[in-house]
A.B. asks: 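Here's a structure for you.
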Amino acid sequence: MPPEDENPSAGWPPPADRRSPDETGTGAVDPWARSAPELLPLDDEDPTPAAVIAAAHSAAPPDDEQPTAPLAGYAQAPVGPAPLGGLEAYVEPPTAPTAPFAASPAEPPTLPPAAFAPQAAADLTFVPPPAPMPPSGYPPPAAPPSGYPVSAAPAGHPASASPAGYPTSGSPGGYPVSATPGGYPASPTPGGFSVSGMPGGGFAAPPVSGTPGGYPPYPASGVPGGHPVAWPPGGPPVRPRRRWGRLLAVVALVMVVVCLIVGGVAVVAFPWLKERFDGTAPSGVPSPGPNAPFAARQAWIKSRIGSALTEQRRALLAGDEQAYLAVVDSTAPQVLDGMRTQFRSLRAMRVAGWTDEPTNPTAVAAEGGEQWTTELRGSPCFVTSTCAKAGARAQTRWRIHDDRAWLVEWTPVTAQPSPHPWQVAELVADAGERTVVATTPAYAGELPVLLAEAEKAAKVADRFARAGATPSRYVVYYAGPDEWRRWFTWNPGDTVSGVALRVSVERWELMLYEDNITPEVLSGVLRHELTHASSLAGPFKDSDTMWWLHEGLADYAGMNGRPVRDYLRLPAIKRLVESGWDGDVEFADPPPNTAGWVVSARYGISGLTMTHLADRFGEAKLVEFFHRVVHDGVTVQDGAREIFGTDWAALERECAEFVRHSVA
């Protein structure tokens with residue numbers, strides 16, 4: 001946005017986060033705010049009631065989050081007591097060496113290997129209990145031989161506090177991560193050692209620095225009764241390391257092999273398992289028979305239809321039109337035409353993901369035997385393989401023959417928000433980094449300009465999306481007069497330039513009207529409608545009473561920081577103010593019979609209200625306030641106190657004064 005607003009009524013210095021049009025990709029000139037005052041680029045961004053949306057979608061949109069990155073390192077347990085085979089091991093925090101052991105000799109004396117031979121456990125000499133000890137229960141270590149300081153365990157290598165020395169990872173599923181298999185102590189690392197619990201109650205004592213394999217007379221805490229152990233000459237007993245890690249690996253390998261063999265046998269023996277896992281349509285899956293319970297037969301019919309839809313999905317994503325049409329019954333040429341149009345339009349729009357979910361089928365009588373009807377709910381993802389659901393509905397009828405489902409009827413549903421344009425029209429399309437634009441062949445020449453402007457507008461709209469909810473791609477349809485009245489079963493009227501349609505709870509798509517989209521208003525309308533698509537994704541309540549926030553934020557984005565004096569709606573705002581406006585900025589959705597200039601004035605007052613809030617508190621605070629109120633259900637009063645730190649009644653009077661000064 002520009003750093004200044006030349007309108008003298010602005011009153012507040014622009015915040016630091018205001019960006020210029022060049023920074024947002026819209027260019028220095030904004031035709032939206034300069035001309036075409038005879039047009040009223042209005043919209044009705046939510047033509048589909050929430051109840052209709054909820055009824056049309058039986059499941060929430062898929063989770064688009066990226067998988068969690070693998071754990072980079074090992075979890076570390078805190079320094080302190082740790083379970084150790086019924087005893088406790090303790091690692092003292094490293095301390096500075098005392099004066100006699102400040103440094104090791106340059107060359108330690110060579111000791112005979114016999115001095116380090118393992119001793120039998122029976123050779124250990126138990127020293128009687130010493131005098132009462134401090135409450136900690138950990139006697140100080142005996143002094144090692146002269147010139148041989150004991151190496152302290154460095155910070156970050158404490159004993160494990162988890163059973164068998166396995167720290168627990170915080171990753172999903174609770175998979176443990178261990179650096180010391182089987183509970184064995186960690187291998188020596190430069191600068192010190194880490195001690196971990198060992199099976200059977202054993203423990204490892206710190207070796208003497210500089211002496212391979214040697215152990216000083218070193219007392220160990222945690223012995224029952226508090227008795228320290230004094231090692232005889234030659235060091236402590238050394239238990240042979242048990243190859244638990246290798247044993248566990250062998251057992252795991254055997255289990256994997258057994259599972260693979262059993263799974264393979266099961267898939268061979270029960271072909272429906274194979275279908276469950278990979279979605280293929282094995283031939284010859286037996287029917288439960290006409291005398292089977294209805295629920296069993298219905299489930300089998302649905303599985304046959306699902307197999308046919310799986311074949312179609314694979315063919316669509318692979319670009320194989322012949323395989324896509326192979327599920328259509330040869331006696332239904334009209335279905336072939338509709339399926340061919342849908343296939344080619346989806347491919348033109350860069351389809352990269354597809355789901356087509358059938359409802360439970362219902363049996364109907366037909367010539368030649370029983371047939372089954374079901375409603376399909378299709379969701380294409382364009383350019384990216386994952387996206388929110390789209391809810392494109394179609395009524396279908398299927399014939400079952402040779403254990404396969406054959407499509408004999410296919411009719412897109414004509415109720416909001418269907419039919420989608422790619423269901424009923426041959427489309428040409430283009431795609432960019434953030435948008436997909438599509439239209440009929442008659443307007444193919446408009447695609448380059450449409451895509452360029454949509455890409456710039458998308459950079460603006462992205463700023464208003466909730467964190468983690470930015471659309472994977474914005475979808476924009478350019479409609480002629482016939483398509484404007486037919487697509488999405490929505491006829492918003494001839495005075496509307498564009499509309500944002502809520503095709504599912506998490507997904508909005510755009511439709512622009514060719515008759516009202518001129519070069520002067522194209523960029524502004526795109527910014528306005530794309531901001532609806534970005535900011536309104538997700539469930540929200542009170543869409544009618546929050547109309548002023550929805551439209552105000554979208555009009556604020558449409559201006560994109562241009563001076564208020566250039567705002568297209570100023571004449572209508574002035575007319576409403578002079579007719580006795582009471583200063584209330586919280587407009588509800590205007591009734592259908594409201595005069596056009598009044599509707600435009602309400603848009604404008606809402607847009608100036610958002611402009612004033614952004615000028616005073618910054619755009620980031622404005623966006624936070626919007627989502628707290630619209631999506632989180634916080635009241636406007638509570639949201640103003642929480643986000644802006646001020647009372648809403650006083651702030652609303654401020655906004656009203658800003659509006660009056662803007663048109664004075």
Side-chain angles (χ1 to χ4, degrees), residues 45-67 309 313 316-317 342 345-346 349-359 375-394 412-413 415-423 429 431-438 454 457-458 461-477 487-488 490 499-511 526 529-541 543 550 554 623 626-627 630-632:
E45 83 289 351
D46 189 11
T48 308
V52 176
I53 291 293
H57 302 280
S58 58
D63 188 359
D64 294 341
E65 293 182 2
Q66 295 299 319
L309 295 176
R313 178 183 63 83
L316 175 64
L317 299 183
Q342 177 170 279
S345 294
L346 288 173
M349 295 180 68
R350 317 289 199 274
V351 63
W354 172 258
T355 59
D356 210 355
E357 302 168 353
T359 59
E375 182 177 284
L376 304 183
R377 299 169 182 176
S379 292
C381 298
F382 301 117
V383 184
T384 62
S385 60
T386 57
C387 63
K389 288 186 177 181
R393 300 160 58 198
V413 172
Q416 294 177 10
S418 286
H420 285 233
W422 44 265
Q423 291 181 293
E433 292 184 1
R434 297 293 297 121
T435 64
V436 176
V437 295
D462 282 347
R463 304 203 313 258
F464 304 102
R466 198 166 198 182
T470 304
S472 58
R473 279 297 188 280
Y474 297 100
V475 181
V476 180
Y477 297 103
W487 289 350
F488 297 109
W490 176 243
V499 60
L501 297 117
R502 194 182 194 193
V503 298
S504 75
V505 173
E506 301 286 348
R507 181 165 168 173
W508 294 69
E509 295 184 350
L510 271 64
M511 186 165 61
L526 280 169
E529 304 300 341
L530 288 178
T531 297
H532 282 319
S534 66
S535 65
L536 294 177
F540 56 85
K541 298 180 180 179
S543 58
H550 300 177
V623 174
F626 176 90
H627 290 298
V630 171
H631 289 287
D632 295 342

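Residue indices begin at 1 and follow the sequence shown. Computed from a predicted model, the values in this text were never measured in an experiment.
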A.B. asks: Mind checking what makes side chain to side chain donor-acceptor pair (under 3.5 Å) contact with T435, not counting sequence neighbours?
C.D. replies: E455
A.B. asks: Of all the heavy-atom pairs spanning L317 and G353, show the shortest one and how long it is.
C.D. replies: CD2-N, 3.8 Å
A.B. asks: Once rounded to the nearest 0.5 Å, what's the spacing between atom CD of Q416 and atom CZ of F488?
C.D. replies: 10.5 Å
A.B. asks: Side-chain contact test, heavy atoms from C-beta onward, threshold under 4.5 Å: evaluate it for W487 versus Y477 and give yes or no.
C.D. replies: yes
A.B. asks: So do the side chains of L536 and R502 get within less than 4.5 Å of each other, counting heavy atoms only?
C.D. replies: no
A.B. asks: NE2 of H532 to NE2 of H550: how many Å apart, nearest 0.5 Å?
C.D. replies: 8.5 Å
A.B. asks: Quick one: pull up OG in S472 and CZ in R434 and give me the separation to the nearest 0.5 Å.
C.D. replies: 7.5 Å
A.B. asks: Answer yes or no: is there a side-chain heavy-atom contact under 4.5 Å between L501 and M511?
C.D. replies: yes
A.B. asks: Of all residues at least two apart in sequence or in a different chain, which pass the side chain to side chain donor-acceptor pair (under 3.5 Å) check with T359?
C.D. replies: T374
A.B. asks: Under the salt bridge (charged side-chain N to carboxylate O under 4.0 Å, His left out) rule, collect the residues that match up with R466, sequence neighbours excluded.
C.D. replies: D632
A.B. asks: Which pair of heavy atoms, one from L309 and one from D356, lies closest together, and at what distance?
C.D. replies: CD1-O, 3.4 Å
A.B. asks: Please give me the minimum heavy-atom distance between S418 and G391, naming the atom from each residue.
C.D. replies: OG-O, 3.7 Å
A.B. asks: Verify, without hydrogens or angle tests, whether S534 (side chain) and T531 (backbone) share a donor-acceptor contact under 3.5 angstrom.
C.D. replies: yes
A.B. asks: Any idea which heavy atoms bring L346 and P380 closest together, and the distance?
C.D. replies: CD2-CB, 3.8 Å
A.B. asks: Is any side-chain heavy atom of V436 less than 4.5 Å from a side-chain heavy atom of R350?
C.D. replies: no
A.B. asks: Using 0.5 Å steps for rounding, measure from the CZ atom of R473 to the SG atom of C387.
C.D. replies: 11.0 Å
A.B. asks: Which distance, rounded to the nearest 0.5 Å, do you find between the NE2 of H420 and the OG of S345?
C.D. replies: 13.5 Å
A.B. asks: Can you list the residues that meet the ring-ring contact (aromatic ring centres under 6.0 Å, His included) rule with H631, with sequence neighbours excluded?
C.D. replies: F540, H627
A.B. asks: Give a yes or no answer on whether the side chain of E357 reaches the backbone of R377 with a donor-acceptor pair at less than 3.5 Å.
C.D. replies: no
A.B. asks: Rounded to the nearest 0.5 Å, what separates atom OG in S379 from atom CH2 in W354?
C.D. replies: 7.5 Å
A.B. asks: Can you list everything that forms a side-chain contact (heavy atoms from CB on, under 4.5 Å) with A533? Sequence neighbours excluded, please.
C.D. replies: Y474, W508, L510
A.B. asks: Between A388 and R507, what is the shortest heavy-atom contact and its length?
C.D. replies: O-NH1, 2.8 Å
A.B. asks: Quick one: side-chain contact (heavy atoms from CB on, under 4.5 Å) partners of A394, sequence neighbours excluded?
C.D. replies: W410, Q423
